[in-house]
Amino acid sequence: MTAGNPNAPLLRANSLLATCEYYLRHFEGEREVPGLLADVGNCCDEAGEVAASGDEEAAATLAILRSIAATFALRYAVLFTVACDFDDEDGTLLGGMGKHDKAGVSGPLATQAIQVARAALDADPMDPLVPLYLGHALTWAGDRDGAVAAYEEAMRRDPGDRCARSNLRYLDAAPGRRPSPSEMSHGRHGFALLRWGFWISNNDWDTGFLLSSSVAEARAHIDEKRYTDDVRGESDEEEWDEDEGEWDEDEEDLGEGEDEGAKQTLLQIHRPGQRIAEYDLNARTRAEPGDKPLRIDWSDIPVDERLEPPLPPGRPLRIDGRLCFYGGQK
């Protein structure tokens, strides 16, 4: 166990899984993902010492991380060995294991993913992630009824989960009427969520999501990584208008259909049972004289507020159809 921080193995496993998720979502990492997942397994084994000490939240986080790792191992095999679809937007093929995996490569992985997900099902009873992943594994294995029950549980936890809804339709199980988007906080923990846009090619943007157990941790991460510099810097071919005190953006430089909102760096503060507070950090970015870095105005953001109960270290969540990883502590 790491002497300095007993949660270090959980945090390391969380970080490795975040890298795996990026690779798999972009259909990359054929060489890298197996090694990353092996390292995740080692971290989870080490974290078991923390969970065994009686820390219920650490045990729940560990169970969730193991479920993600098992699902990613199955997803990797389906994508790169069997060559079938498997993602967090559309799920996978019903009975794909029997129809397409003639070599039986994915069978043991599906069994493992199902077992580990069932063991983690109650680890966070308000988050849809684990039942969604259980539904994916059961769908691939050909257990329609089990998959429907899992996706229905995911939707009970988050009625707006698009992937669970889409998969229920795919399995001919009517998901019910789509609810209006909720402005209320997600789950039973308090946390800060950062969202920022970044280039993945000359023409395409992606969006990053990062969880922290406090606003102070989120601010420290922003100050270190300078996401607003990336978004509002020279790469966007924008200039600071000293007279207007804002950024001039050349509309002609935007690609056809490009979402300007993807360029935002947003901070959300989630307090259980309360409305989500949202701050556009790009709108709060100010230029400093000379060559100094850009400065964010944090004056009316509650940086020192304690969010209770805080999100446990290393705990991922599924929010707005995306798997969001923890990035608060080091």
Side-chain angles (χ1 to χ4, degrees), residues 2 7-48 61-93 96-97 100-101 103-113 116-117 120 129-130 132-133 136-137 140 163 194 196-211 221 224-225 227 230 313-318 321-330:
T2 304
N7 292 310
L10 291 174
L11 295 169
R12 176 62 176 160
N14 163 88
S15 177
L16 292 166
L17 287 170
T19 303
C20 288
E21 191 275 340
Y22 178 87
Y23 278 136
L24 293 172
R25 183 159 44 86
H26 292 282
F27 305 102
E28 299 175 356
E30 185 172 0
R31 294 182 178 180
E32 294 85 354
V33 169
L36 291 169
L37 290 176
D39 289 342
V40 170
N42 293 333
C43 291
C44 287
D45 290 342
E46 186 178 352
T61 299
L62 176 59
I64 294 168
L65 293 174
R66 287 191 186 278
S67 178
I68 295 171
T71 302
F72 282 3
L74 173 60
R75 184 173 167 184
Y76 174 87
V78 172
L79 288 174
F80 292 108
T81 303
V82 186
C84 285
D85 290 337
F86 194 130
D87 59 48
D88 276 357
E89 295 183 2
D90 302 314
T92 189
L93 301 173
M97 185 172 70
H100 302 287
D101 185 8
V105 174
S106 64
L109 297 172
T111 299
Q112 176 73 2
V116 176
L129 175 63
V130 173
L132 183 81
Y133 280 7
H136 291 347
W140 178 253
C163 184
L194 287 171
W196 71 97
F198 61 95
W199 292 105
I200 58 174
S201 72
N202 290 335
N203 300 311
D204 297 318
W205 279 84
D206 197 358
T207 304
F209 293 76
L210 196 74
L211 296 163
H221 195 89
E224 176 186 356
K225 299 297 184 181
Y227 293 127
D230 295 338
R315 176 72 58 87
L317 296 172
R318 182 171 172 84
R322 275 285 296 273
L323 174 52
C324 305
F325 287 95
Y326 186 93
Q329 298 181 355
K330 299 296 182 185

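This is a predicted model, so every value here is computed, not measured. Note: hydrogens, waters and symmetry copies are ignored here, and every other heavy atom, side chains too, is used.
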Worksheet item: Checking side-chain contact (heavy atoms from CB on, under 4.5 Å) for the pair Leu132/Cys163: CA distance, chi angles, key distance, verdict?
Response: CA-CA 8 Å; Leu132 183 81; Cys163 184; 4.0 Å; yes
Discussion item. Strictly distance-based, threshold 3.5 Å: is any side-chain N or O of Thr71 a donor or acceptor partner for the main-chain N or O of Ser67?
Written reply: yes
Fill in: Sidechain N-carboxylate O distance under 4.0 Å for Asp45, Arg66
yes
Worksheet item: Closest approach of Leu211 and Leu317, non-hydrogen atoms and distance?
Response: CD1-N, 3.7 Å
Item to complete: Verify side-chain contact (heavy atoms from CB on, under 4.5 Å) between Trp140 and Val78, making sure each step is shown before the conclusion.
Response: CA-CA 9 Å; Trp140 178 253; Val78 172; 3.6 Å; yes
Item to complete: Find the distance between CG (Leu36) and OH (Tyr23) and round it off to the nearest 0.5 Å.
Response: 6.5 Å
Worksheet item: For residues Tyr22 and Asp206, is any side-chain donor paired with an opposing acceptor at under 3.5 Å?
Response: no
Worksheet item: Using the ring of each side chain (for Trp, its six-membered ring), is Phe86 parallel, tilted or perpendicular to His136, with breaks at 30° and 60°?
Response: perpendicular
Item to complete: Starting at CG of Leu74, measure out to OG1 of Thr111 and round the result to the nearest 0.5 Å.
Response: 9.5 Å
Response to the item:
Smallest heavy-atom separation, Ala13 atom then Cys43 atom, equals CB-CB, 3.8 Å
Worksheet item: CE/Met97 to OG/Ser106 distance, rounded to the nearest 0.5 angstrom?
Response: 6.0 Å
Worksheet item: Would you say Ile68 and Asn14 make side-chain contact, with heavy atoms under 4.5 Å?
Response: no
Practice prompt. Starting from the C-alpha separation in whole Å, work towards a yes-or-no answer on side-chain contact (heavy atoms from CB on, under 4.5 Å) for Tyr76 and Leu24.
Written response: CA-CA 7 Å; Tyr76 174 87; Leu24 293 172; 4.3 Å; yes
Worksheet entry | Close side-chain approach of Val40 and Leu65, heavy atoms under 4.5 Å | no
Worksheet item: In this structure, are over 12 heavy atoms from other groups packed under 6.0 Å from Glu89 atom CD?
Response: no
Worksheet, complete the sentence: Smallest heavy-atom separation, Ala117 atom then Val130 atom, equals O-CG1, 3.3 Å
Discussion item. Nearest 0.5 angstrom please: Tyr133 OH to Arg318 CZ, how far?
Written reply: 6.5 Å
Practice prompt. Check step by step if side-chain contact (heavy atoms from CB on, under 4.5 Å) holds for Asp88 and Arg322.
Written response: CA-CA 8 Å; Asp88 276 357; Arg322 275 285 296 273; over 6 Å; no
Worksheet item: To the nearest 0.5 Å, how far apart are CZ in Arg75 and CG in Asp85?
Response: 10.5 Å
Practice prompt. Taking all non-hydrogen atoms of both residues into account, name the closest pair between Cys84 and Leu79 and its distance.
Written response: O-CD2, 3.4 Å
Worksheet, complete the sentence: Here the gap from Leu62 atom CG to Arg315 atom CZ, rounded to the nearest 0.5 Å, amounts to 10.5 Å
Discussion item. How close do Leu37 and Cys20 get, counting heavy atoms only, and between which atoms?
Written reply: CD2-SG, 3.9 Å
Practice prompt. Write down the atom of Asn7, the atom of Pro313, and the distance for their closest heavy-atom approach.
Written response: ND2-CG, 3.6 Å
Discussion item. Check this for me, if you would: do Arg12 and Asp39 make a salt bridge, where the nitrogen-to-carboxylate-oxygen distance has to be below 4.0 angstrom?
Written reply: no
